[in-house]
2 protein chains.
Amino acid sequence: MVVTLRDVARAAGVSPATASRALSAPDLVAPARREHVQQVARDLGYRPNRAARELITGRTGNLCLVVPDLENPFFAAVAKGVQARARALGFALLVADAEEDPRLESELVGHLGAQVDGVILCSPRMADAALDRLGRDVLDDDVPLLLVNRLHSGLPSVVIDNADGVRQAVTHLYALGHRRIGYAGGPVGSWSDAQRRRGLEHASHGLRSVEVVDLGHFPPLFGGGVAAGDLVAASGVTAVLAHNDLLALGILSRLRARGVRVPEDVSVVGYDDIPAATLVSPALTTVTVPLARLGRAAVDLLIEAGSVPTAAESALAAALTAAERTRHPAPAITIGDIGAGAVPPSVLIGVELVVRASTGVAPAQSSAAGG
Amino acid sequence: MVVTLRDVARAAGVSPATASRALSAPDLVAPARREHVQQVARDLGYRPNRAARELITGRTGNLCLVVPDLENPFFAAVAKGVQARARALGFALLVADAEEDPRLESELVGHLGAQVDGVILCSPRMADAALDRLGRDVLDDDVPLLLVNRLHSGLPSVVIDNADGVRQAVTHLYALGHRRIGYAGGPVGSWSDAQRRRGLEHASHGLRSVEVVDLGHFPPLFGGGVAAGDLVAASGVTAVLAHNDLLALGILSRLRARGVRVPEDVSVVGYDDIPAATLVSPALTTVTVPLARLGRAAVDLLIEAGSVPTAAESALAAALTAAERTRHPAPAITIGDIGAGAVPPSVLIGVELVVRASTGVAPAQSSAAGG
DNA sequence: TCGATGGATGAATGCGATTTCAGCACGGCC
DNA sequence: GGCCGTGCTGAAATCGCATTCATCCATCGA
């Protein structure tokens, strides 16, 4: 029923060894014979058995992506980029949703890591110690692990320039006259949140008489913005920077519900620039992150860092790769050591503030500014 | 370095055969010895080699999901449901993004189908003929193919009750006094669009003096709604039903930009109930589709229809399955033949209209209603 | 007490591809 | 002319596991 390499060999009148070589190491076989075998293979509709190949070569041709929540537009966008690049390079992609659960993350990496050539772990919620363990014990040594949106000593990673993002946002608000600026943070323990807080502090130090009000930690979801919105109203800030867009949208919604006008009374800035940011009114001023590029860069770096041989066995895959590379040339990214003692190569993805309608000049006099 | 079954066998003082049985056919080996082998395997950190197992059993433990666009919240939600159920049943999930390209769809199913135990094809854009070919030529006979959101003779499928959805929507609008109702359709050739048109026609026949105005076909994206919005304004309808929420949101946005008030001047109804539907103002009245359930049902039916033995080899997977089943009991769905000559089992997922702020009573007198 | 029965075990085989290793033919070089 | 390298090819081993088949031993029934 199913045609195997032996069948091809027999039909072509050569040994299985030669047939194998003709297909996967063409220069080892005489041109005429090679062509013939390839033709026969095509005619017979031969499809190499991946399991058999994997058994002996040890490579699966699969990559794996673990995200906290597939439905979150941030991760969906990253996943799309990762998937596209993986396919272009001849890899299939296993996708797993960790449901925001640190333990499930480890478990998934452990399970899936055993059957792939590389793992991309996006925005891991797990603690540093768990991350250490992953690299050391859980994964085979020849399965590279790459982090997205998190920096960890000893692991290659692709991160966005959080500090610069908040700097741009705060500078923008400062220029609009805001002096008391709230920060609605992400979950406790979130690495990117810590990054942004640090960037925020640093940026505000550079600006005269700017006060940053920490509104606390919130789930980075629309629902989290409701609680945050009330705190915004109560805190007397004239502007708020949210950990991400979903949170910002929730704040927007809550403020409107309470009769607080945006941007007349309060300005709101998000982070990520998810599609929904432009769907609301007022459209959200936010820090745009090239998420698809992030995903593509992750795959590229994973392949490179892990020196995973691309499974570009088929001419198709090769062609796709070329096309993909052309359409998406190497992004303008910084490569190198970006702190935290990261020895393996890391890529820093630049971000950009997009000003929309949710930010405006600060109200004339903030009552909370003190008499 | 890596511990194999032989190692376990040697360490436990049994033959590889017994070790194999102790782990994957426990009742064939004496209790004491079984326990011992299992303990040794645990101690040694034995992880069965999937490739070897696959090579001999022919099963991969992987399923595959192909969607037109991972970033589309509709498909993201389905993917999440599929992934969750697949994992609960012990399967890993390969996800592929077909980029709305019918040819790429076929290609992906062909490529990935060779390395999975079953394929779920969601909202295929390809023609019926291509779908036929998939089932016949492209896939191995033992790799079941299941459709989501599309019905096709000879293939099992999970579909949503499109006709009932539009019926509910139209009835709602009728009750609000609307008589001229526009329909902003999905892409040409979209199966679900055809379904909804049919349901629309049928529903409107049952309502006195209702006129349905076909506004044409649009890309089911926010951008498509801009063009559609202008047509809504020009057509003199007092209400519009959009093919999906993204389109509806685009219409909403365009109408606002043109100074048309929603719902005072025009009512808008979406379809799918994506998260963004509640983020906008006015919040979108829409037909809510239980997308995660849709995904779970797809996996269940695929396993069942293809009689794919669940890879619930580990106790963990089994436990997860039980837990998952408990948390998500069998949905209230209709199983059976639902037309189009579908012989394999198909599941029909019920939908429900959720009324929010984008629909209201029809304006007193529509000028387009004629003298 | 002996043969039949059946449960538990081990040796051997095969899944389908890759990859040594050895062999063969040919050509160049001394 | 003989020797050696070079270029191709085929036989066979291998990857790790499941499974068939044969064996063995204990137990039961007569």
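Below, read A as the first sequence line, B as the second, and so on, with proteins coming before strands; counting in each chain starts at 1.
Each end of the helix from dT1(C)-dA30(D) to dC30(C)-dG1(D) gets its own axis from five base pairs, and the two axes differ in direction by 50°, given to 10 degrees.
With respect to D97(A) and K80(B), a salt bridge is recorded, a charged nitrogen being found less than 4.0 Å from a carboxylate O.
With a heavy-atom cut-off of 4.0 Å to chain B, the contacted part of DNA chain D has its first and last nucleotide at dG16(D) to dT20(D).
Every residue two or more places apart in sequence or in another chain was checked for a salt bridge (charged side-chain N to carboxylate O under 4.0 Å, His left out) with D101(B), and none qualifies. For T18(B), the side-chain hydrogen bond (donor to acceptor under 3.5 Å, both in side chains) partners at least two apart in sequence or on another chain are S15(B). Residues meeting the side-chain hydrogen bond (donor to acceptor under 3.5 Å, both in side chains) test with R125(B), sequence neighbours left out: E100(B). Listed by chain and number, the residues in a side-chain hydrogen bond (donor to acceptor under 3.5 Å, both in side chains) with R21(B) amount to none (sequence neighbours excluded). A12(B) pairs by the side chain to side chain contact (heavy atoms under 4.5 Å, CB included) definition with V14(B), H36(B), V37(B), V40(B), not counting sequence neighbours. The side chain to side chain contact (heavy atoms under 4.5 Å, CB included) check on Q39(A) picks up R42(A), D43(A), with sequence neighbours excluded. When the salt bridge (charged side-chain N to carboxylate O under 4.0 Å, His left out) test is applied to D132(B), no partner is found at least two apart in sequence or on another chain.
Within residues 31-42 of chain A, no residue approaches DNA chain C, by heavy-atom distance under 4.0 Å.
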Under 4.0 Å protein heavy-atom contact, by nucleotide of nucleotides 13-19 of chain C - B base, S sugar-phosphate only:
-BBBBBB
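For the pair I120(A)/V158(A), no side-chain contact is recorded, criterion being any heavy-atom separation below 4.5 Å from C-beta on. Counting heavy atoms from C-beta outward, V119(B) and L112(B) have side chains that stay 4.5 Å or more apart.
Scanning both residues, A298(B) and V148(B), for their nearest heavy atoms gives CB-CG2, 3.7 Å.
Legend: salt bridge (Lys or Arg N to Asp or Glu O under 4.0 Å) pairs involving residues 8-18 of chain B, not counting sequence neighbours, sorted by first then second residue: D7(B)-R10(B).
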